[in-house]
Amino acid sequence: MNTSKTKDKYQIAVVPGDGIGKEVMEATIFVLDSLDIDFDYVYAEAGDECLEKTGNALPGETLDIIRNADACLFGAAGETAADVIVKIRQEMKMFANLRPVKTYPNTNSLFENIDFMIVRENTEGMYIADEESYTDDGAVARRIITKEAEERIIDYAFNYALENNKTKVTAVHKANVLKKTDGLFKEIFYEVAERYPDIATEDFYVDATAMYLITQPQSFEVIVTTNLFGDILSDEGAGLVGGLGLIPSANIGEDGALFEPVHGSAPDIAGQGKANPIAMMLSAIMMLRYIGENEAADRFDAAILKVLNDADILTADLGGNASTMEVAQAVKNNL
């Protein structure tokens with residue numbers, strides 16, 4: 001991620017998407033506008049409603065807007081999520097997916113003092129759905145693991161550890177069964193690790209990791225893994241710290257970045273003003289750090305922490321009865 005301020009004005013692609021994506025995006029922009037940073041927001045459409053309206057869940061115009069922006073904020077997509085987010089990742093070559101798992105106060109976290117980052121490869125593996133059509137006998141999916149992509153994501157994870165004062169990187173795989181693909185991943189992990197002698201390393205099977213996340217989550221600092229394993233472990237991580245309403249994410253590439261909460265469009269509560277905007281806000285904080293606005297990111301983060309600490313203004317998923325915009329106002333008041 002970028003570490004120093006590089007511009008006086010930033011063009012931000014804003015894609016609210018479906019359901020609660022619109023509500024949490026509105027709340028987040030409301031706070032961003034209080035930060036004394038010059039943002040030029042360019043709004044674009046994608047998702048279920050866009051498909052219904054235009055016949056295309058991800059119009060080319062939206063992709064162009066994202067390409068030309070300094071960063072993209074994305075709300076949520078409904079049933080078309082795979083056609084939207086996965087395609088944006090592939091088109092923009094956003095090879096790294098970052099999902100922080102961190103405990104905040106008054107959030108139903110199962111443990112205290114959890115703070116680790118899952119660094120997930122974004123461009124290959126099972127999750128890109130390279131499937132052959134059904135036959136009478138069943139169906140086939142291909143799992144492609146390349147040296148180039150895995151070395152790139154593993155190096156990114158070690159770099160992230162170095163830049164964020166983390167002392168250990170954990171590789172997660174299933175090399176005992178997937179001997180060729182995950183065997184290659186494990187081999188590359190230890191080759192890259194030699195470039196980072198000051199960072200401790202370990203590797204676990206994905207099933208063991210799923211258990212360790214429940215029994216000893218405080219032992220993790222940076223986890224690096226392949227696409228599908230990273231997706232599954234990220235949701236387990238969300239369960240550790242109070243649910244998907246608190247988990248942001250970043251998709252980082254060489255030519256662009258997209259920031260989104262990992263919760264979906266939540267059609268059951270959409271339009272009711274009940275959605276928790278904190279995951280979207282935390283995603284915006286990741287964006288601020290990416291563009292080099294670290295001081296603003298720290299202020300925004302501290303304001304969220306104050307609201308959660310006070311516990312007076314929380315949405316229903318955290319045991320309160322505040323609306324989405326009431327939470328946004330409280331965060332703004334604490335900047």
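Pairing each heavy atom of L98 with each of M117, the nearest pair is CB-SD, 3.8 Å. Minimum heavy-atom separation, F300 to L335: CA-CD2, 3.9 Å. The two residues L305 and P105 have their closest heavy-atom pair at CD1-CD, 3.6 Å. Pairing each heavy atom of V222 with each of A161, the nearest pair is CG2-CB, 4.1 Å. In plain terms, the two heavy atoms of V101 and G237 that are nearest each other are CG1-O, 3.4 Å. Across all non-hydrogen atoms, the minimal contact from V84 to L58 is O-CD2, 3.8 Å.
We find that D182 and K186 are not joined by a salt bridge, their nearest charged nitrogen and carboxylate oxygen being 4.0 Å or further apart. Contact check on D36 versus R299 returns no salt bridge, with no Lys/Arg side-chain nitrogen under 4.0 Å from an Asp/Glu carboxylate oxygen. Ionic pairing of R120 and E150 is not present here: no N-O contact between side-chain nitrogen and carboxylate oxygen is shorter than 4.0 angstrom. The pair E23-K274 does not meet the salt-bridge criterion, since no charged nitrogen lies less than 4.0 angstrom from a carboxylate oxygen.
Considering only heavy atoms from C-beta on, N159 stays 4.5 Å or farther from Y156 through its side chain. Within the 4.5 Å cutoff, the side chain of I278 has heavy atoms near those of the L308 side chain. Considering only heavy atoms from C-beta on, M280 comes within 4.5 Å of L73 through its side chain. In this structure, F158 and L162 have side chains that are not in contact, with every pair of non-hydrogen atoms separated by 4.5 Å or more. Looking only at side-chain heavy atoms (C-beta outward), K102 and I114 stay at 4.5 Å or farther from each other. Using a 4.5 Å heavy-atom threshold, the side chains of T324 and N276 count as separate. When side chains are defined from C-beta on, N97 does not count as touching I252, because their heavy atoms never get closer than 4.5 Å.
Panel note: side chain D83, backbone A57; no donor-acceptor pair is recorded below 3.5 Å. Put simply, the side chain of D18 gets close to the backbone of D48: a donor and an acceptor are under 3.5 Å apart. Judged by distance alone, with hydrogens and angles left aside, the side-chain atoms of K93 form no donor-acceptor pair with the main-chain N or O of Q90 at under 3.5 Å. The main-chain N or O of A330 is found under 3.5 Å from a side-chain atom of N334 such that the two form a donor-acceptor pair. Of the possible polar contacts, one joining the N164 side chain to the Y160 backbone as a donor-acceptor pair under 3.5 Å is found.
Remark: E124 CD to F95 CZ distance equals 12.0 Å, nearest 0.5 Å. Of the inter-residue distances, the one linking C72 atom SG with I12 atom CD1 reads 9.0 Å to the nearest 0.5 angstrom. Taking CD of E112 as the reference point, atom OG1 of T103 lies at 7.5 Å (rounded to 0.5 Å). Atom CG of L282 and atom OG of S249 lie 11.0 Å apart (nearest 0.5 Å). Of the inter-residue distances, the one linking Y43 atom OH with T62 atom OG1 reads 14.0 Å to the nearest 0.5 angstrom. Separation of atoms CG (L314) and OG1 (T107) is listed at 9.5 Å; rounding is to 0.5 Å.
Identified under the ring pair (Phe, Tyr, Trp, His ring centres under 6.0 Å) test for residues 65-88, with sequence neighbours left out: none.
Within 6.0 Å of atom CD in Q216, more than 12 heavy atoms from other residues, nucleotides or ligands are found, so the atom counts as buried in its surroundings. Counting heavy-atom neighbours within 6.0 Å of Q272 CD, excluding the residue itself, gives a total above 12. Atom CD of E191 has more than 12 heavy atoms from other residues, nucleotides or ligands within 6.0 Å.
Applying the side chain to side chain donor-acceptor pair (under 3.5 Å) criterion to K22, with sequence neighbours excluded, gives E49. For K147, the side chain to side chain contact (heavy atoms under 4.5 Å, CB included) partners are L184, I188, not counting sequence neighbours.
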Sequence neighbours excluded and cut-off under 3.5 Å, please list the side-chain donor-acceptor pairs for residues 254-269, or say none.
| from | atom 1 | to | atom 2 | distance (Å) |
| --- | --- | --- | --- | --- |
| E260 | OE2 | N251 | ND2 | 3.4 |

In residues 26-34, what donor-acceptor pairs under 3.5 Å come from side-chain atoms, sequence neighbours left out?
| from | atom 1 | to | atom 2 | distance (Å) |
| --- | --- | --- | --- | --- |
| T28 | OG1 | V24 | O | 2.8 |
| D33 | OD1 | Y41 | OH | 2.9 |
| S34 | OG | F30 | O | 3.4 |

Under 3.5 Å donor-acceptor pairs involving side-chain atoms of residues 207-215, not counting sequence neighbours:
| from | atom 1 | to | atom 2 | distance (Å) |
| --- | --- | --- | --- | --- |
| D207 | OD1 | K174 | NZ | 3.3 |
| D207 | OD2 | K174 | NZ | 3.0 |
| T209 | OG1 | Y205 | O | 2.9 |
| T215 | OG1 | M211 | O | 3.2 |

Step by step, would you call D70 with K9 a salt bridge (charged side-chain N to carboxylate O under 4.0 Å, His left out)?
CA-CA 10 Å; D70 293 304; K9 185 172 186 174; over 6 Å; no
What verdict does the salt bridge (charged side-chain N to carboxylate O under 4.0 Å, His left out) test give for K332 and E326, after you've listed the backbone C-alpha separation in whole Å, the side-chain angles of each residue and the deciding distance to 0.1 Å?
CA-CA 10 Å; K332 180 178 176 178; E326 283 171 344; over 6 Å; no
Would you please test F111 and Q218 for side-chain contact (heavy atoms from CB on, under 4.5 Å) and show each step?
CA-CA 8 Å; F111 300 88; Q218 296 94 337; 3.8 Å; yes
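Hydrophobic clustering, with ILVMFWY side chains joined whenever heavy atoms are under 4.5 angstrom apart, keeps V15 apart from M281. In terms of hydrophobic clustering, with Ile, Leu, Val, Met, Phe, Trp and Tyr side chains grouped at heavy-atom distances under 4.5 Å, I88 and M286 are assigned to different clusters. Residues L288 and M25 share a single hydrophobic cluster, defined by chaining ILVMFWY side chains whose heavy atoms lie under 4.5 Å apart.
Side-chain atoms of E202 and T170 include a donor-acceptor pair closer than 3.5 Å. With no hydrogens or angles considered, no side-chain donor-acceptor pair links T225 and E121 at under 3.5 Å. No side-chain donor from either of E45 and T54 sits under 3.5 Å from a side-chain acceptor of the other. Remark: the R143 side chain and the T181 side chain contain an N/O donor-acceptor pair separated by less than 3.5 Å. Under the 3.5 Å distance criterion, with hydrogens and angles disregarded, a donor-acceptor pair is assigned to the side chains of Y190 and D203.
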